[in-house]
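Notes follow once the structure below has been shown.
Here is the naming used below: chain letters follow the sequence lines, and residue numbers restart at 1 for every chain.
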2 protein chains.
Amino acid sequence: MKVTEKLKKLREIMNMEGCDACIFTTADDHGSEYVCDHYKTREFFSGFTGSNGDLLVMENIAGLWTDGRYFLQAEKELEGSGIELFKMGEKGVPSIKDFIISQKSIKKVSLCGRFISAERGKTYKKAFAEAGIEFDPYFDPADKIWGDERPSKPCNPVRALDIRLSGEEYLSKVEKVRDSLRNKNCDGIFITKLDDIMWLFNIRGNDIPFNPVALSFAWITAKEAVIFLQKDSCTGEILDYFEKNRVLIKPYEEAYGFTESVRDLKILMDSSNTNYDIYTRLSVMNESVEGELPTENAKCIKNETELANLRSVYLRDSVAVTKFIYWLKKNIGNIHIDELSAADKLLEFRKEIVGFNDLSFETISAYGPNGAMLHYSADKDNYSVLEKQGAYLVDSGGQYDGGTTDVTRTVTLGDISEEYVKHYTLTAVGMLSLMDAVFMEGCTGRNLDILARKPLWDIGIDYRCGTGHGVGYMLNVHEPPCAIRYKSGGKDAILKPGMVITDEPGVYIENRYGIRLENVLAVEKRWDNEYGTFLGFETLTKVPLDKDAIDRSLMSSRELELLDRYQTEVYDLVSPFLSPDEREWLYDETH
Amino acid sequence: MKVTEKLKKLREIMNMEGCDACIFTTADDHGSEYVCDHYKTREFFSGFTGSNGDLLVMENIAGLWTDGRYFLQAEKELEGSGIELFKMGEKGVPSIKDFIISQKSIKKVSLCGRFISAERGKTYKKAFAEAGIEFDPYFDPADKIWGDERPSKPCNPVRALDIRLSGEEYLSKVEKVRDSLRNKNCDGIFITKLDDIMWLFNIRGNDIPFNPVALSFAWITAKEAVIFLQKDSCTGEILDYFEKNRVLIKPYEEAYGFTESVRDLKILMDSSNTNYDIYTRLSVMNESVEGELPTENAKCIKNETELANLRSVYLRDSVAVTKFIYWLKKNIGNIHIDELSAADKLLEFRKEIVGFNDLSFETISAYGPNGAMLHYSADKDNYSVLEKQGAYLVDSGGQYDGGTTDVTRTVTLGDISEEYVKHYTLTAVGMLSLMDAVFMEGCTGRNLDILARKPLWDIGIDYRCGTGHGVGYMLNVHEPPCAIRYKSGGKDAILKPGMVITDEPGVYIENRYGIRLENVLAVEKRWDNEYGTFLGFETLTKVPLDKDAIDRSLMSSRELELLDRYQTEVYDLVSPFLSPDEREWLYDETH
C-alpha cells in the first residue's frame, strides 16, 4: 500500500470520528528509545524511517517534524507522499503544537495517549484547551489500516538473573522503592519504564532491539507487588521465581484496566516517564504526587557485583575491539573490507566472548567522510569500501551476561593530514582530561563537561552533542539520568560513586572526516577530608589509542603522562589475551 | 537598654497583640545586602551584629539563627541575653519555620512583611497555614521600643549620571523595560531593588554603606514612569532631570499606599526581588505574572561606555594596589604596620585617584592566620600587627566615577613555607586558567567553575565559597545574577559579552594562613563560526602576582605562558604611573 493510499484511508476514519488533525509519534507504551516494528505507526503512515519524528495529518495537509540529523533522509523518503517536511530547530519553523493552533479550522486533535509522555500530554491538553481545540487522546487507527500486515508485538521468554549477576535480591530492591514511597508519603507507584522494571525484579527479556527488556508494567505498594507480562513470555521457571518472591503476575493486556481499579491512594508519578493514558487513568480516582522514579535513581548506581562484572566484561570487550583494530590495520589494502563487512568482523570477535548475547545498539561503521555524520548508518544499499588511506570510525557495543558496553575508536588506515592528527590529538586530550577529573561530591556532568571540550574550544571547534551518557547494566546503552553535557535542560543528576558514564568528545568536519574517541568510566570515591568527599573516575574501557594519529608536541607533560599511563595499562591488561603478532603490534602501539 | 529589658518590652507588646512568636530579620524594604543602622532591628533586639541572622522571640524562649561564619561571634554576643543560638546548617538544627511548627503552643506568628522577600513570605504563609498557625505579616514594634534612640533613615542627595558615565540614556533603558513587559504580556512592574532603580534612571545616591544607592521605589507601565524618593534627597537639579525625562516623582513614604491604588493590571513580579508586603498589596486587585526583573538582566551586561570606563578605573585602582604592595614590602619590619593601619594606607592610595568616592565594601585586611577566616574583619578591639614573616591577605575595592572595583592579593612579608608556596602557586594557576577560558555561548558559571578549582581539587583541597560573583558598575560589588560556582541552587545566568565577574580561588588553612587571589574579568566575544559563538574573558585587574610565592616547577608550560603574559602586561600598563623605585621593584616582580 502506498503512503498516499494509507493517508486516504486514514482521512476517511478521521472524518468519521470528527477529527481534524491527528498525530503519530514513534514510541511504545513505555517511552522506549528504540521501538519494535509493531509500534512504528509514524513510519507506516509516512514512509520516513528515522528514529525521531512526528507525523501530523489534517484534511488538506500532512507534515513530518524531524531534527537536523534526518533532513536529507526525510526529504528522500517523503518524496511523492505529499507530506511536507518541517525542519525542527530551523528558524521560523513552528512546533507541531503551534502549527496546529495557528490553523484556525482545527476543532479537534486526536492521538494515542499511550505513545506520548504524561508531560507532553498535559502540555498539549492545556495549550489546545486555551486555543478552544478539543483534545482526544484515544485515537489509534493503525490496526484498522495496517490490518494483518502489522507486525505482532514481540513476545520472548523472560529470564531471572542470578545473584552473581544482579548483586542485590529483588526483595531488597523493592524495599528501597517502598522506602521512597514512604518518604514521599505515597501509597503506590505504577512503573511503565521497561528497564526500571527489569532492574527492580532482576529479570531480563528480549522484546526490544538491542535492549534486553520484556514488555511489562509494574505496580508497587507497601504490601503488593504486581508485574504485568505477556503470558507467552513466562516460562515455568519465571513463574516459580515470581511466586517465591511473592510477586503477583497479571496479563500485560490488563494493565490499563487495572489502573482504573486503583482508588483513593496517593500515587508517585514521574510525568516524563509515564505515558499519558496511564497517567490520566490513575489521576481520576487518586491523588498524584509528582516525583522522580525511585528505580531510575537507584538503577544508575551500580553495586559492587555489577561493577566487578563490568570490569571483567569491559576487558573482554576491549580485547575484541583491539583484535579488530589489529585485523583492520593488517588487512586493509590486501582484502576487500567495507563498512558492513567490517562491522560483521567486529561482531565475530565479540561473539567469541563467553556471555555475549547481542549488540547494545546498531554499530556505527563509518569510513572517511561518513564518520562526520553523527548518526551514520551503513546499509546494503548504501555503504563505503574502506581504503588504505584516511580513517575509519567505529562506535559499537555489546550486551553480555555481566554488562552492557559502548566504545568508539577512530582508526588510521593510511595517509592522514596534519590537521587530522591535530584534531585526533586534541580529542584524545579531551577524553583523557575528563578521565583524570577529580571533583567534589555535588558536581553534575554540567560541571565537568568543559574538561573534555576545552582542548577543542581553545581552537574554535565544538561537537554538537553531549560528552557523555549514562550506560545501563545488562540494560539500555543510553541510561538517564546521569549525563555529561554543558547545556542546561534535561536531567542533570549529581554524580555518585557507582554511576557509569561515557566520555566521548569528537571532531566532525563535514565531507572530510569524523573523529570520536569514547571510553566508559565509573564514578569512584577518592578521599574524604575536612573539605568533604572527592570523587574521580575509574576507566573501564581498555582499547589503545592510535599512536600514528597523536602529535605529542601538542600535549602538556601532564597530558603525556595520562596518555602513556593509559596506553601502558591497556597493554598490560589486554596483551595476555592476544596472539603473539597481535601482542607485538599492541606493544608498539602503546609504547 | 539591655537586651533582656528590650525582650521584656517586646513580649508585652506581643501579648497585647495576641502574637505567640515573632521574627526579626536584617533587611530593609529593598532586600539590600547591606542595610543602614535604621533597619538593624534584629541587632537591636538580640545584640548580635553579624551580617546574617534571624531572631525568633516567643513567650518562654528566644533563638538566633545564623550560619557557620558567625557561630563564635554569636556565642560571645548573645552571652547573658537568654537567647539560644541555632547553628544553621548543622545536623539536627531545624529551620526557624520548622522550629515554630514543632512548638505545639504557637497559634500566631508575626513579622514585618516589608523585610522578607515575597518568596519567603509565600513559603511561610503556606507552611503555617498547613500547620494551623495564623501568619501576621504586619508586626513592626521596633519604633515603640527603640524610640528616639533609633537611627533615622539616611537621606542623602541623589545625583544624575552624565551620559559619559552611563553610556545609555534613561529613555532608552525604560523602553527596553517596556519591551520586556510587552513580551510577557504585562502592563506594569513595581521595582523595589535599589540598584536596579539606580541603573534604570541613571541616578546614584548614598543611603546604604558602600552602595551608591538612594532609598526609592519605581513603577513603570507602557505610559507611566514613577519614582518614589525621599523629598529631602531631591535637589533642584534632580527635579529638573526627572521632569525633562517625564518621570513623575512621588514621596518615598507613599509607595505602599500607591500599590493599593493599582488595579486590574497584569503585573510582572519577581518574588525573590520584591518584598512580601508590596507583593501582597499588588496581588489583591491585579494579576501577578512571575518573572525575572528585566532591569537585573539588562544591568549586568555593561555597555561599551561602561566597559571603557571600567578599563580605565581598574587600571588606576590596580596602580593604587600595586603601590600599596610595594609600600608594604619595603616598610614591613621597619615601621609599625597593623591590619587597621594597612587598610588605611591602601585607602590613602585610592583617595589619590581622580573620581574616587568610597570603598565598595569594608576592606578585609588579614595578617597570618586571620586570612584563613573568609569574612574576617579587624576592628579597634581586635586586630593583628604585621610582621616580617608569613603572608598578608587584602581584599578591597573602590567606588569610582566610572566603576566599582574588587581585588584580592595575598602578599608575602617574609619567610614562607614550602606548602604555602605550593598552595599560592596552585591558587594562581586556578585564577589564570579561568582567565584563559574559551567557551561556547550558552555556558553559565557552573560550566566554568572547575577551571579555577581543578589545581586544588587535584590535591584534595577546596574553598567553601563560589569562585566568582557579578560586579556592579558604580553600584553593588555583589551583583546577581551572574556568578561562577559549581553547586546548583541560586541563579545561574548564561554568560554574555559585557558581563563583569570576579575570579577568586583560594586556600584557607585554619589557624595558619589564607590565600586568595582575585581578578575581575569581563566576558568578551572571541569568534563566530560554524559551531556557534565562542566567548572568553578580558582581565580588568592589573595587579602583580607575588613572584616569591610561585614555584614555577609546579606549572605546565601553558600555565607559565599565562603567568608571564599577565605579569608582563601588568608591568607594561602599571609602570608608567609608578616612581622609579616602585617601577624597578615591579620589573623584578614581573620578569
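Using a cut-off of 4.0 Å between Lys/Arg side-chain N and Asp/Glu carboxylate O, Arg558(A) and Asp458(B) are scored as not salt-bridged.
Distance OG/Ser433(A) to NZ/Lys454(B): 7.0 Å, rounded to 0.5 Å. Taken to the nearest 0.5 Å, the CD atom of Glu530(B) stands 7.0 Å off from the CZ atom of Arg464(A).
Taking every heavy atom of both residues into account, Arg446(A) and Asn447(B) meet most closely at O-ND2, 3.0 Å. The shortest heavy-atom contact between Tyr531(A) and Tyr508(B) is OH-O, 3.8 Å. Residues Trp457(B) and Phe439(A) approach most closely at CE3-CA, 3.4 Å, considering heavy atoms.
Within a 6.0 Å radius of CD in Glu90(A), more than 12 heavy atoms belonging to other residues, nucleotides or ligands are found. Within 6.0 Å of the NZ atom in Lys184(B), the count of heavy atoms belonging to other residues, nucleotides or ligands exceeds 12. Within 6.0 Å of atom NZ in Lys496(B), 12 or fewer heavy atoms from other residues, nucleotides or ligands are found, so the atom counts as exposed in its surroundings.
Between chain B and the residues Thr444(A), Asp462(A), Ile450(A), Leu451(A), the most heavy-atom pairs under 4.5 angstrom are made by Asp462(A). Contact tally against chain B (heavy-atom pairs below 4.5 Å) for Gly460(A), Ala437(A), Gly532(A), Gly442(A): the top residue is Gly460(A).
Residue Tyr486(A) touches chain B through both its backbone and its side chain, counting heavy-atom pairs closer than 4.5 Å. The parts of Ile461(A) that come within reach of chain B are both its backbone and its side chain, each placing non-hydrogen atoms under 4.5 angstrom from that chain.
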